Protein chains: 4
Amino acid sequence: MSGGAPARLSRAERREITRQRLLDAAAEVFTDHGFDGAAIDDVAARAGYTRGAFYSNFADKTDLLVQLCERRIEAFAADELPDVLARTPDERLGWVADWLAEQVPPLEILLAIELARRRDHDPEVAATLDRVVTTLLGAIDDLMAVEGSTLAELPDVERRDRALAVLAGVTGASLLRHLGVDTGPRTLALLLDGVIGPHEGPAA
Amino acid sequence: MSGGAPARLSRAERREITRQRLLDAAAEVFTDHGFDGAAIDDVAARAGYTRGAFYSNFADKTDLLVQLCERRIEAFAADELPDVLARTPDERLGWVADWLAEQVPPLEILLAIELARRRDHDPEVAATLDRVVTTLLGAIDDLMAVEGSTLAELPDVERRDRALAVLAGVTGASLLRHLGVDTGPRTLALLLDGVIGPHEGPAA
Amino acid sequence: MSGGAPARLSRAERREITRQRLLDAAAEVFTDHGFDGAAIDDVAARAGYTRGAFYSNFADKTDLLVQLCERRIEAFAADELPDVLARTPDERLGWVADWLAEQVPPLEILLAIELARRRDHDPEVAATLDRVVTTLLGAIDDLMAVEGSTLAELPDVERRDRALAVLAGVTGASLLRHLGVDTGPRTLALLLDGVIGPHEGPAA
Amino acid sequence: MSGGAPARLSRAERREITRQRLLDAAAEVFTDHGFDGAAIDDVAARAGYTRGAFYSNFADKTDLLVQLCERRIEAFAADELPDVLARTPDERLGWVADWLAEQVPPLEILLAIELARRRDHDPEVAATLDRVVTTLLGAIDDLMAVEGSTLAELPDVERRDRALAVLAGVTGASLLRHLGVDTGPRTLALLLDGVIGPHEGPAA
DNA sequence: TATGAATGAGAGTTCATTCAT
DNA sequence: TATGAATGAACTCTCATTCAT
């Protein structure tokens, strides 16, 4: 009856689909209304479910925030990062600038701010925030640790300082765009050239 | 009637005091709970009033947000800025870094994010957000337009790019601190040296 | 304009009226649906208000339960008790039986059961339950401490035992009526005669 | 197939085990949280199942209440009652007092109250409540109808009045214990001596 | 028979806001 | 100007129940 297609999904698979849809919907609703402003009914409805589906997949609203952050940071590390690493150092700045321009509003930043507000009241939240930052810093470090680059030869402490600066620069530029300020690739270039630029090739 | 003594306050003065107290209380409550999470009763109570006082002084909750942003940006321009301008270019970076370290959480940034979320639905909010950004950019421009500096001689477009970069850098560093990342003066230095650093003295 | 009548009510008076109406409504709704089954909206509506009025008068649903118990026990001590005390010992048993017959369902008992369920989680609830029982036992003791009665001359411990027995008897009879059992004055007479009966007239 | 070994259980037996476990779990959860406060998931979980098992065995929550009452009253008649009847009349009061002391909270009473609340809306519930009361009254009547006792010779109407009084006394004492009142055997003795005491043997 | 994802009515509670005082 | 009782919309979360598996 049901043709040669991959047929029916198992329960676990359906559950996973539901979760992912809810998470995607949450990303949209958070983007539009912020965390506090997001109604769970809206999240569920946008995912095509009712509120009950939400509560059978997430413990509560905070859990949703945490899960969303975890998933997005994982997805970032799995999907975006390899893309950048595949570029030559020269192309990376441009790639990051383009990527940034697409991320308006910068959901990760807004989510991180919400995490920060709840950090002191919920250890799990604190752990997630920590993981987000650590992952990002690690990703930047990977970007700098390129063979032949003088950055790769810097002492760890120095490399971390630079990673911090890069993260701050990218974060700030992203946020500014979100605030409606016309930030272009030039902004990022100005900011990051001093941090990673001159090192992007010993020849230079 | 109103003798030479410090004596009684006029009606307008009392009103102004009430407003200011409410605004100060709002800054605290917003800092703790965010805009959506802030209850007007809490704001009023922290200021020593009840909600009636609030509604005698502000049209609604959004009005409070707008007024608070306006006041803070005015206060920044009037109080903080002159302090920086009084420093030599060499000292400024340190001054900004210190100032930043005190601003955790960076209320202005959080408020701006709230403004941004309401920008499309409320023209007054949009205007305020614009004013905030313009003022900050103007302030940075003032900082760069120092006599003798090569920055001062840059074309306007270039100067704006640099101001943007500075604002992004400062914003990003501030936000990172808020997220619990251990950002020190070094981060800012790395970020801004490329933008304003080398120019901080024609001799260099 | 507003004639010689006692005119307008002060705010505190209006508030008190509101509270009393809500409490009365709560007694009715609890009677019909039990505590858990009672919806605050129903309570408010039956009192002629909306849910907001409820929450500006009571902290939460448990608070309502506590306040209701307190008020009813006070009212009992102030209103019912003097009535019984005014009777001769011979008439009292009949009076209590009649009073009991009217108390279907026996709201005080049902409320006390709810209090008991929450006793361990809320000290205030425990205190209220304690007060209810103490007041009732005290009332019974007063009833027994009649001049000339041999009960009055019993040692305290013995008097307490008897008070306990009376309370148990009245409680049980009341509950049985609530359960639909046709309990008449005879039941109470049989039960209490052994406890207080022989004393209902030394001549007898 | 089902050999001589203790071996496999038939389908009906398994079903019966499941039902009994659920019923036992329900008794516990009702005791802790009351009927309205009891969650079916909790009942199922405490029995080691999920909600599906519950709905395979009971029509709905009310059905659970009814079945539980039926079972308990049957169990009482089958298990407890013979124990009392085996005692001499003199020992019975003590036996009942001890049994009472163990029944805190007095689940039967609490269940009966729930039944009473639903009596008017559900004929089956009304029937169950009736059966519970009738069974208890019959049990008490059996206790009184002992050979040689003067109670046994009383006219039926009188015997019923006494049974009612006994039930009321026991119920009241039980409830008082549940409310935290320190009710001892003495309370019951005082209450019941007048009803059944002097008759417990003409010799005495 | 038992599971568990999903439903959806309904609950308690919060809170921006109004308005008579 | 400031108070605070009252409103009522909106929200998070619970839970009895259904149904495909």
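We name chains A, B, ... by the order of the sequence lines, and we start the count at 1 in each one. Bear in mind that the values here come from a model prediction, so they are computed numbers and not experimental data.
Residue-to-nucleotide proximity on DNA chain E shows that, of B:Thr62 and C:Tyr55, the 5′-proximal contact is made by C:Tyr55.
For B:Asp63 and E:dT17, the CG to P distance is 10 Å, given to the nearest whole Å. The distance from atom NZ of B:Lys61 to atom C1' of E:dA16 is 8 Å, rounded to the nearest whole Å. When the C1' atom of F:dA2 is taken as reference, atom CZ of B:Arg21 falls 13 Å away, rounded to whole Å. For the pair D:Ile17 CD1 and E:dA2 P, the interatomic distance rounds to 10 Å; values are reported in whole Å. A straight line from CZ of D:Phe58 to P of F:dT17 spans 13 Å, rounded to a whole angstrom.
Using a distance-only test at 3.5 Å, with no hydrogens or angles considered, a donor-acceptor pair links the side chain of B:Arg118 to the main chain of B:Glu114. With hydrogens and angles ignored, the 3.5 Å screen pairs no side-chain donor or acceptor of B:Lys61 with any backbone N or O of B:Ala39. For D:Glu13 (side chain) and D:Ser10 (main-chain N/O), a donor-acceptor pair under 3.5 Å exists by modelled atom type.
Here the CG atom belonging to D:Asp63 is positioned 10.0 Å from the CD atom belonging to D:Glu70, to the nearest 0.5 angstrom. For the atom pair D:Leu64 CG and D:Ile40 CD1, the distance stands at 7.0 Å (nearest 0.5 Å).
Of all the heavy atoms in A:Val29 and A:Ala38, the pair that sits closest is CG1-CB, 3.5 Å.
Heavy-atom distances under 4.0 Å link DNA chain E to no residue of residues 27-46 of chain D.
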Could you pull out all donor-acceptor pairs under 3.5 Å where a side-chain atom in residues 52-59 of chain B meets a protein atom, sequence neighbours excluded?
residue	atom	partner	partner atom	Å
B:Ser56	OG	B:Gly52	O	3.0
B:Asn57	ND2	B:Ala53	O	2.9

*Worked verdict on A:Arg11 versus A:Arg15 for side-chain contact (heavy atoms from CB on, under 4.5 Å)*: CA-CA 6 Å; A:Arg11 248 190 213 179; A:Arg15 185 182 175 81; over 6 Å; no

*What does nucleotides 4-9 of chain E look like as a protein-contact string, B for base, S for sugar-phosphate only, - for none, at under 4.0 angstrom between heavy atoms?*
BBBBBB

*Paired and unpaired positions of DNA chain F as dot-bracket, Watson-Crick or G-U wobble under 3.5 Å, | denoting a partner strand*: .||||||||||||||||||||

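Between C:Asp122 and C:Arg117 there is no salt bridge, since no side-chain nitrogen of the basic residue lies less than 4.0 Å from a carboxylate oxygen of the acidic one.
Judged as a side-chain hydrogen bond (donor to acceptor under 3.5 Å, both in side chains), and not counting sequence neighbours, B:Asp60 has no contacts. Applying the side-chain hydrogen bond (donor to acceptor under 3.5 Å, both in side chains) criterion to A:Arg21, with sequence neighbours excluded, gives A:Tyr49.
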